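This report concerns only the one structure given below.
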Amino acid sequence: MKKYNHLAIEKKWQKEWDKSKIYRTKDTGGKKFYVLDMFPYPSGQGLHVGHPRGYIASDVYARQKRAQGYNVLHPMGYDAFGLPAEQYAIANKIHPRQAVLKNVATFRKQLEIIGFSYDWTRSVNTTDPEYYRWTQWIFLKLYGSWYNPKTNRAEDIKTLIKTFDKKDWSSKSEKEKQEILMRYRLAYEGYSEVNWCPGLGTVLANDEVVNDEKGNPVSERGGFPVEKKTMRQWFMRVTAYAEKLLAGLDTIDWPNHIKDIQRNWIGRSEGSEFDFAIKNSEDTITIFTTRADTIFGVTYVVLAPENKLVQKLSSKISNWNEVQNYINEVKNKDDEARLAADKEKTGVQLKGIVAINPVNGEEVPVWIADYVLATYGTGAVMAVPAHDDRDFKFANKYNLSIKRVVEPKFVAEEATGGHGRADSAVKPGLPMEKRNAVCVFVKNPKDDKYLCIKWRGTPMNGLVTGGIDGDESYEETAMREVHEETGYKNLKLVKEPDFAIHSLFYHRLKNTNRWARFQYVFLELINEERDPVAEKEAALHEVVWKSKDELKEFFTVIEGEFIINFLNNPNYIFTEDGVLFKSGEFDFLDSSEARRQITEKFGRSKITYKIRDAVFARQRYWGEPIPLSYDRDGIIHEVPEKKLPLKLPEVKSYEPIGTGESPLAGVKSWTDKGYETNTMPGWAGSSWYFLRYMDPNNKKVFASPKNLKYWKNVDMYVGGAEHATGHLIYSRFWHKFLHDLKLVPTAEPFMKLRNQGMILGTDQRKMSKRWGNVINPDDMVKLYGADTLRVYEMFMGPFDQSLPWSTESIIGSRRFIEKVWRLSEKVGVAKPDKDLESLLNKTIKKVGEDIESMNFNTAISALMILLNAMEKRVGEYGVLSVKVYEVFLQLLAPFAPHVTEELWRDLGHKSSIQKEKWPKYDPKKLLSETVQISVQINGKLRASFEAVVDEDEKTLQNKAIMLENVKKWIDGKEIKRVIFVKNRLINIVI
RNA sequence: GCCCGAGUGGUGGAACUGGUAUACACGCACGACUUAAAAUCGUGUCUCGCAAGGGAUGUGGGUUCGAUUCCCACCUCGGGCACCA
């Protein structure tokens, strides 16, 4: 027998496939299918075994699609701009381009030996000027466009200019025009803070900044201090697409958690805006809130320290020095200190400034505090400490008043006792009678017990309650009711938190629905003297005393738990929806309805998003140049389309120049022409690369309309989940923009997305040089073969789960392939075997479905089961049917393309196994002739027996009862019920 | 704190729509072949029990003839967001 020499076989077929070009893709021909991997960043480190996991999966998937008759586009390329290449180049004193070329070559080699079915002629590289020409071209489109909210899409900036007053517009200077347009462009110039490291003379990315022992930010390299510096930047107006990005999620098949992350990131929030006028001023403070129903509870207003209004009002602020100091203090805090959630809130009052609540004209103080973010909503909030946790903490610290305006509401849904009333579930259809009432806590200071009422002949327990008569005060009602119901007469009012609840119930005695607002009143016994209780009252209930701890158990009222929370926690605030109170005409409205009405009358509804515009500039050399230039007057000019690509200048030094600006700012030939010195960020090139694969060598357009129309978009996208809020948002944004401009045919770039889990080191840690736990795929290919590596990576566990590498387990996959190899000796003409036939059909079904749903581990497992059965068959009859073996090879081919090709050809086939049609199963042959029927007694397995498929219940039941093990259990007992599940089980209930 | 996801043998994991829990593989033990070893093949391998039988899918409850699967509460781990008004 021929020896299984994986090295020779794999090399041989890789060469042969390359020669015969079987993986080349044409842009026509039948139904298309686009299978894409997230292209790699070719680092100097090379690959570890975790990297190819996704590539293997997509390769298996692509191979199956090809076998199913699709015209499959399955390309690979390199995302090679960015920091690591630049740093590698600086460290090794070579040009970044050289570093990239070298790393790309290494990657390609490492990938090739694994035997992927990529069409390498379609490869792209983001650093290739012929590629980034189109990245720059798309940038210019973004720069030249605005988002028209009326048409709900991006349009040429000219359509914006048309909306301006003609005369007014032409009277403006170029500079003014530029400033106005900049507020609309989808790519726009602005300012933002960066991590500036004076020690290195450069700007650092967030992950290049670490904390030293004292928690101060320092550079990862060298440990130099890092501070904030405001710098000129370019931005992408992602926020304009927030709604489309959100809505699009419903149209694509992505893992739910990725959709959740994106939804969360976009952070849509429906609320209202209100204008608070500033007393004795023309200015107003606009606030955003989602709780318009609490607006009558506003006791102050807070601005973000960076809010422009603060500077504008400076002359009216009497403590301006103090305010300025606070603003500076906040500015110098690093992000971590400012954002720490548990940190104590700080702020300063703007003395002399008074805001007017638009709903009731109340005058409230104005503060600045860094718990209000300048970048969200309007950068200002109305503070309602009674119903917002943050405002509550702030109010407590600075002694600001607290006004409660929303009260909890409880609707009786079943017959429960409550407040000593005979009440039950609200009856639909009956009118609702509103009433003011009290509910009384009476404490006996001697033993700290509370006065309770137990209703005779009912399970109801509660407190003393009663309706308010005429113009009685709460206290008067409370004392009167206590006296009537219990006889206690010497009581005094104590100061405890006052609160009220609304209770909706059906009043049985009065046959009416009641909506009672119970004001809680806290009394204390002065002494235990009591008058006799009227007979009528005494017949209804008895008096009991309960300690605080016993109350929770004692109350049968549905709102009992809430009341206890309130009693136990003096800081308890009610942040949920409820019923309005002390809110003028809106009293007794539910929160949601109140929000609607108050907004309509006093404000306007508004939708706000968390997502921020994305910074689109890096102060680095190794990125796409931004194709803009500045003239002497600071007017920005676009680099004409026909002059693209604007290539990076050849320079000797691309190291930081020490000002924080890009190294390009130190290149005279560059600055002489006024070119923008910032370069694009790493995500620019990766935001559209999948389109370039459709037409990678086109010199006229980024991809021809014909090819775009044919390939449309990516059908299956495979990559890591870590790109959820980066690449996967940005590329959707660019794609939607291109779609608005009718440059691409679909609204979404990636129809299906699947994430691969990480492969961890054997020590369960992330594979990295640092831990010394890196496993190199080259070594695995050499030792076990690419086919074994592929099978193992697909078999080790669920594709989307992170799993540790096991040096021990991979041997199992190797054994599997060797068994397949050895079995080839035993094929020939064999007698039909129904059981094997049935298993084969089941396996065809299972493997096909499992690949489609990316459950590769169970697909392999099914193949192993079939192999074991085939071996058993050979053991019994000495020969295995060629037909069965061939189908098996076809099923295995996507996973192990080399060895299956070799064995396939050995069987005498002239063409590649990769060209074969995917096997079909016969639904009629899926069932074996016999099935195991389990017999349960009372749900416990007691016996099982073999039966013919689809046999009827009666027959099987009779058979089951005859079994020894079953007889034993049912003997002398009555069979109450028998449950029958076809072809599976019989459960006898006794 | 909020939003997702996951907890099953010594290990990675399997189980369709509620229907024989632990498939498949690794490891381990024993046996065959061998002068020997490796490789290969075979047998066994959740747990308590001599057995009959009992107990096990993070913990505690519930629904059901029957729960890894559905519901409630809690614990642990992983991921995302984090003063978003």
Side-chain angles (χ1 to χ4, degrees), chain A residues 255-265 267-269 271-272 287-292 294 302 304 338-345 369-373 375-384 387-391 393-394 575 608-612 721-722 724-725 755 757-758 791-792 795-798 800-813 815-816 818-819 822 846 849 855 857-868 871 875 931-944 968 976-990:
Chain A
N256 276 329
H257 75 276
I258 301 285
K259 288 191 187 182
D260 280 345
I261 290 172
Q262 291 210 346
R263 283 194 192 104
N264 204 287
W265 187 258
R268 184 181 200 270
S269 179
S272 324
I287 63 92
F288 172 76
T289 181
T290 54
R291 289 300 303 273
T294 64
V302 193
R338 184 167 171 185
L339 294 176
D342 51 350
K343 159 203 101 136
E344 194 162 313
K345 303 197 184 324
D370 68 351
Y371 81 90
V372 175
L373 304 176
T375 46
Y376 182 78
T378 59
V381 302
M382 64 179 205
V384 187
H387 303 292
D388 181 278
D389 202 45
R390 295 152 302 184
D391 296 340
K393 285 187 180 128
F394 192 79
T575 55
T608 299
Y609 303 90
K610 275 202 280 197
I611 195 171
R612 310 282 148 86
E722 66 274 17
T725 54
N755 303 121
M758 254 188 300
V791 167
Y792 177 60
F795 179 62
M796 42 194 307
D800 58 354
Q801 221 169 81
S802 289
L803 297 165
W805 182 263
S806 166
T807 336
E808 279 177 340
S809 298
I810 189 171
I811 193 71
S813 301
R815 279 183 203 149
F816 168 63
E818 284 180 4
K819 283 185 195 176
R822 267 183 265 124
K846 175 97 179 133
E849 288 170 358
N855 294 117
N857 54 331
T858 49
I860 302 269
S861 157
L863 288 169
M864 287 174 169
I865 291 168
L866 179 57
L867 177 72
N868 290 346
E871 280 186 332
V931 286
Q932 282 291 312
I933 303 289
S934 309
V935 185
Q936 294 181 336
I937 314 283
N938 285 347
K940 286 217 187 247
L941 182 71
R942 295 301 178 189
S944 72
K968 190 167 82 187
K976 287 187 189 140
R977 217 177 130 189
V978 176
I979 284 128
F980 174 71
V981 182
K982 197 176 158 191
N983 288 335
R984 274 188 195 275
L985 68 75
I986 292 171
N987 185 15
I988 301 166
V989 185
I990 51 172

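Protein chains get the first letters and strands the later ones, always in sequence-line order, with residue 1 at the start of each. This one's a predicted model, so the numbers in the text were calculated from it and none came from an experiment.
- Position along RNA chain B of the nearest nucleotide to A:Asn256 versus A:Ile860 favours A:Asn256 as the more 5'-ward residue.
- Judged by Watson-Crick or G-U wobble contacts below 3.5 Å, the nucleotide B:rA6 has B:rU76 as its partner.
- The side chain of A:Lys968 lies closest to B:rG53, out of B:rA15, B:rG53, B:rA85.
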Between the protein and nucleotides 25-33 of chain B, which nitrogen or oxygen pairs are less than 3.5 angstrom apart?
residue : atom : partner  : partner atom : Å
B:rA25  : OP1  : A:Asn868 : ND2          : 3.2
B:rC26  : OP1  : A:Arg815 : NH1          : 2.5
B:rG27  : OP2  : A:Arg815 : NH1          : 3.4

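- As rounded to whole Å, 9 Å separates atom C1' of B:rA14 from atom NZ of A:Lys846.
- In this structure, A:Val989 reaches the sugar-phosphate backbone alone: every heavy-atom distance under 4.0 Å involves primed, P, OP1 or OP2 atoms, never a base.
- Side-chain nitrogen and oxygen atoms of A:Tyr376 include at least one within less than 4.0 Å of the OP1 or OP2 phosphate oxygen of B:rA85.
- Remark: A:Lys846 pairs with A:Asp850 by the salt bridge (Lys or Arg N to Asp or Glu O under 4.0 Å) rule, at least two apart or across chains.
- The distance between atom NE2 of A:His257 and atom P of B:rG80, rounded to the nearest whole Å, is 10 Å.
- In the set B:rG13, B:rC4, B:rC81, the nucleotide with an atom closest to the side chain of A:Thr725 is B:rC81.
- As judged by a 4.0 angstrom heavy-atom cut-off over every strand, A:Lys982 is placed among residues making no nucleic acid contact.
- OP1 or OP2 of B:rC65 sits under 4.0 Å from a side-chain N or O of A:Arg977.
- Using a 4.0 Å heavy-atom criterion, one finds that A:Asn857 contacts the sugar-phosphate atoms exclusively.
- With both ends at atom C1', the span from B:rA39 to B:rA32 equals 14 Å, rounded to whole Å.
- Nearest nucleotide to the A:Arg942 side chain, out of B:rC65, B:rG53, B:rG19: B:rG53.
- The base of B:rC4 does not come close enough to the side chain of A:Arg263 for any donor and acceptor atom to sit less than 3.5 Å apart.
- Rounded to whole Å, atom P of B:rA82 lies 8 Å from atom CG of A:Asn264.
- Rounding to whole angstrom units, CD of residue A:Glu871 and P of B:rU40 are separated by 11 Å.
- A donor N or O paired with an acceptor N or O is not found under 3.5 Å between the base of B:rG13 and the side-chain atoms of A:Gln801.
- Each of B:rA85, B:rU20, B:rC81 was ranked by its minimum atom distance to the side chain of A:Val381; first place goes to B:rA85.
- In this structure, A:Arg612 reaches the bases: a heavy-atom distance under 4.0 Å links it to at least one base atom across the strands shown.
- Among the heavy atoms of the strands lying under 4.0 Å from A:Ser269 are primed sugar atoms or P, OP1, OP2 only; no base atom is included.
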For this session: Please step through side chain to side chain contact (heavy atoms under 4.5 Å, CB included) for the pair A:Arg291 and A:Asp388, ending with a clear verdict.
Result: CA-CA 9 Å; A:Arg291 289 300 303 273; A:Asp388 181 278; over 6 Å; no
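- Comparing the C1' positions of B:rU47 and B:rA21 gives an interatomic distance of 14 Å, to the nearest angstrom.
- For the OP1/OP2 pair of B:rG55 and a distance below 4.0 Å, the side-chain nitrogens and oxygens of A:Lys940 include at least one atom meeting the criterion.
- Regarding A:Asn983, its CG atom lies at a distance of 16 Å from the C1' atom of B:rU17, rounded to whole Å.
- Using a 4.0 Å heavy-atom cutoff across all strands shown, A:Ile261 reaches sugar-phosphate atoms only and no base atom.
- In this structure, the CE atom of A:Met796 is 13 Å from the P atom of B:rA14, given to the nearest Å.
- Proximity note for A:Trp265 (side chain, C-beta onward) versus B:rC24, B:rC81, B:rC65: the nearest is B:rC81.
- Aromatic ring centres of A:Tyr792 and A:Trp805: separated by under 6.0 Å.
- Using a 4.0 Å heavy-atom distance criterion, A:Pro798 is classed as a sugar-phosphate-only contact.
- The separation of B:rG7 from B:rU68, taken at their P atoms, amounts to 13 Å, rounded to a whole angstrom.
- Proximity note for A:Arg984 (side chain, C-beta onward) versus B:rC65, B:rC24, B:rU20: the nearest is B:rU20.
- When heavy atoms are screened at a 4.0 angstrom cut-off, A:Lys393 is found touching no nucleic acid atom at all.
- As the counterpart of B:rG66, no nucleotide is assigned, since no Watson-Crick or G-U wobble pattern has both distances under 3.5 Å.
- Rounded to an integer number of Å, the gap from A:Gln936 CD to B:rG19 P is 11 Å.
- Distances from the side chain of A:Leu803 to the nucleotides B:rG12, B:rU40, B:rG66 place B:rG12 closest.
- Comparing B:rC83, B:rC4, B:rA23 by their closest approach to the side chain of A:Asp260 singles out B:rC4.
- Residues A:Thr289 and A:Met382 come closest through the heavy atom pair OG1-CE, 3.7 Å.
- Counting non-hydrogen atoms under 4.0 angstrom, A:Ile865 reaches the backbone sugars and phosphates but no base.
- Straight-line distance between the P atoms of B:rU11 and B:rU59: roughly 15 Å, to the nearest whole Å.
- Base orientation of B:rG9: syn (glycosidic angle within 90° of 0).
- Using C1' as the reference atom, B:rG1 and B:rG54 are 45 Å apart when rounded to the nearest Å.
- Side-chain atoms of A:Arg984 and A:Ser934 form no donor-acceptor pair, as typed in the model, at a separation below 3.5 Å.
- Atom name C1', nucleotides B:rG66 and B:rA51: the rounded distance is 27 Å, in whole Å.
- At whole-Å resolution of the value, CG in A:Leu867 and C1' in B:rC41 are 14 Å apart.
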